[in-house]
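Below: the structure, in structure tokens.
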Amino acid sequence: MRIGKIAPALVLALAAAATTACGGGDTSSSAPKELVYWASNQGTSLDNDKAVLQPELDKFEKASGIKVKLEVVPWTDLLNRILAATTSGKGPDVLNIGNTWSASLQATGAFLPFDDTALEKVGGKSRFLGPSLAATGASGQPPVGVPLYGQAYGLYYNKKLFAEAGITKPPATWEELVEDGKKLTKPDKGQWGLSLQAGQVTENSHHAAILGAQHGAQFFTPEGKPQLASDPSVAAVQQFVDLMQKDKIVDPANAEYADTAKSLKDLSDGKAAMFMNQASAGSFKNIGMDMANLGVAPIPLPAAMPPNGRKVTSFVAGINMAVFKNTKNPDAALDFVKFMVSAPEQALLNKTYGSLPTVQDAYGDAAFQTEDVKVFQNVLANSAEPMPQVPQESQFETLIGTAMKAMFADVAAGKPVDGAKIRDQLNQADQQIAAGS
């Protein structure tokens, strides 16, 4: 999922809040049904998303008589606005949520539970892919939404730059990535081995989770107690920060990269040779990249797995679609969700955005038979695990991601970031999460 900065410590405080959220549609008996829909920014801009989605909403209105008022919300604002809506009652009927927020938002009680009855109304549980459905809320509880856009992380690389450096294949291990990155880094020519969204809170937290799994980290105990400051977590964060600090294959200017578009453009323009991101071929195509030069492979694993390390190259990423429990048009809302997860819409939208369908019956489209899509399908099926499905997950993302953003800023300013500094920051995060429990 593509998500931005999240307000600290809000989710737990809202878990016990009154669930007064309600949609903004007109429900008078004489008026046609109307829904308000908050869509997340999936394309290259808010306007790009409007251009993609509005024709589909018009199609739905023509078929159903239900008008859908669209607002595309930037990732930097989305979670804060959702949380505010859970208490103010001034929110949409239907909305997109980053799937890593599922358990946190589920804890507020403000959303329609997708129990078996609700799932049947949108096509049935069996249509959805297992990994995507696993990231819809805490285990043992009805999902807080249904998967809309499937995602996994991969390593994009510029084939032209690789060929010019005499590198014949993408790196399979972190050691190879660093070695290749050094060959591809030419600061005097404005070229770097790897681009990072080092200024984006949630991207940092996502990579902490992936590398943390590889190092054997468990960020929460089975009872839900935070343990971010473990040795494996510290090692994972150090490895990621060292891509800029020690290995010097990342431009220090990336410390201010809070926008996916900048890294996409760097790879497209040959200013960076590699970029770790969710499936985004559609976005590369939209910015004019020569697609013949675009390659993708799984994110590397360590050459030798650390003790208790897990062969994880992505978290189960993606976007879910949720309904506020107090919407005044629940049947219309579920009709709209059913439309958006129908096989034709899944094929069209995921093809446009370069993401993966979340329903099995959409994969017959030829667009999902390409080699790059198969890479992401394989990652999602075989080497991805969900982010921690605990109510404190959003707080975890905020705290660890914000700490890493500050670490990259220090590195860019010439200030060293060592294990002691990392552990101190993660200890503070543990304390803040525990204080809100």
Side-chain angles (χ1 to χ4, degrees), residues 10-11 14-40 49 53-54 56-73 77-99 101-125 128 133 136-138 141-149 319-342 345 349 358 394:
L10 284 176
V11 173
L14 289 167
T19 58
T20 58
C22 62
D26 189 339
T27 60
S28 62
S29 58
S30 61
K33 285 194 171 107
E34 184 177 279
L35 300 171
V36 174
Y37 174 41
W38 285 358
S40 52
D49 280 310
L53 293 172
Q54 192 58 57
E56 304 315 300
L57 306 187
D58 293 343
K59 185 191 303 180
F60 174 70
E61 181 180 5
K62 184 176 181 180
S64 67
I66 301 167
K67 181 177 179 60
V68 180
K69 294 177 66 176
L70 171 68
E71 181 180 355
V72 183
V73 184
D77 300 335
L78 185 58
L79 185 58
N80 289 342
R81 290 187 60 183
I82 294 171
L83 294 174
T86 64
T87 53
S88 71
K90 296 178 181 178
D93 299 275
V94 184
L95 70 162
N96 291 1
I97 64 173
N99 68 357
W101 306 337
S102 295
S104 298
L105 294 178
Q106 188 176 47
T108 70
F111 296 89
L112 178 76
F114 272 80
D115 56 18
D116 290 344
T117 299
L119 284 171
E120 281 303 316
K121 288 182 178 179
V122 299
K125 180 179 179 179
F128 294 96
L133 201 60
T136 54
Q141 298 183 37
V144 75
V146 294
L148 178 64
Y149 304 126
I319 310 302
N320 295 343
M321 202 170 192
V323 176
F324 268 111
K325 183 186 290 183
N326 287 359
T327 174
K328 294 174 182 176
N329 285 314
D331 291 336
L334 289 174
D335 284 345
F336 178 50
V337 173
K338 181 178 181 179
F339 170 78
M340 292 291 280
V341 299
S342 67
E345 289 303 305
L349 292 172
T358 60
S394 294

For the residue pair Ala85 and Phe324, what are the closest heavy atoms and their distance?
CB-CZ, 3.7 Å
Minimum heavy-atom separation for Phe114 and Val323, please, with both atom names.
CZ-CG2, 4.2 Å
Show the nearest heavy-atom pair for residues Ala118 and Pro113, with the distance to one decimal.
CB-O, 4.0 Å
Is any side-chain heavy atom of Ile319 less than 4.5 Å from a side-chain heavy atom of Ser40?
yes
Where the side chain of Lys69 meets the backbone of Glu34, is there a donor-acceptor pair that is under 3.5 Å apart?
no
Which residue in the set Leu95, Asp77, Asp93 passes side-chain contact (heavy atoms from CB on, under 4.5 Å) when paired with Trp38?
Leu95
Using side-chain contact (heavy atoms from CB on, under 4.5 Å) as the criterion, list what pairs up with Pro147, not counting sequence neighbours.
Phe128, Ser132, Leu133, Thr136, Asn320, Thr358
Please examine the side chains of Lys338 and Leu334, heavy atoms only from C-beta on, and report whether any two atoms are closer than 4.5 Å.
no
Is there a side-chain contact between Ile82 and Phe111, using heavy atoms and a 4.5 Å cut-off?
yes
Under the side-chain hydrogen bond (donor to acceptor under 3.5 Å, both in side chains) test, residues paired with Asp49 that sit two or more places apart
Asn41, Tyr353
Quick one: list whatever passes salt bridge (charged side-chain N to carboxylate O under 4.0 Å, His left out) with Lys121, sequence neighbours left out.
none
Closest contact, heavy atoms only, Ala39 versus Leu70
CB-CD1, 3.8 Å
Should Met340 and Leu349 count as side-chain neighbours, where that means a heavy-atom distance under 4.5 Å?
yes
Decide yes or no for Val68 and Phe339: does some side-chain heavy atom of the first lie under 4.5 Å from some side-chain heavy atom of the second?
no
Correct closest heavy-atom pair for Val94 and Ala333 would be CG2-CB, 3.7 Å
Of all residues at least two apart in sequence or in a different chain, which pass the salt bridge (charged side-chain N to carboxylate O under 4.0 Å, His left out) check with Glu61?
none
Rounded to the nearest 0.5 Å, what separation is found between the NZ atom of Lys33 and the CG atom of Asp335?
8.0 Å
What is the distance from atom CH2 of Trp101 to atom CG of Asn99, rounded to the nearest 0.5 Å?
10.0 Å
Under the salt bridge (charged side-chain N to carboxylate O under 4.0 Å, His left out) test, residues paired with Glu71 that sit two or more places apart
Arg81
Side chains of Phe336 and Ile66: closer than 4.5 Å at any heavy-atom pair?
no
Check for a donor-acceptor pair, side chain of Ser394 on one end and backbone N or O of Ser104 on the other, with a separation under 3.5 Å.
no
Side chains of Ile97 and Leu79: does their closest heavy-atom pair fall under 4.5 Å?
no
Would you sort out whether Asp58 and Gln54 count as a side chain to side chain contact (heavy atoms under 4.5 Å, CB included), showing the intermediate values?
CA-CA 6 Å; Asp58 293 343; Gln54 192 58 57; 2.9 Å; yes
Main-chain N/O of Ala138 paired with Gln106 side-chain donor or acceptor, under 3.5 Å:
yes
Identify, with sequence neighbours excluded, every residue that meets side-chain contact (heavy atoms from CB on, under 4.5 Å) alongside Pro330.
Thr327
With side chains defined as the heavy atoms from C-beta onward, is the minimum distance between Tyr37 and Met321 less than 4.5 Å?
yes
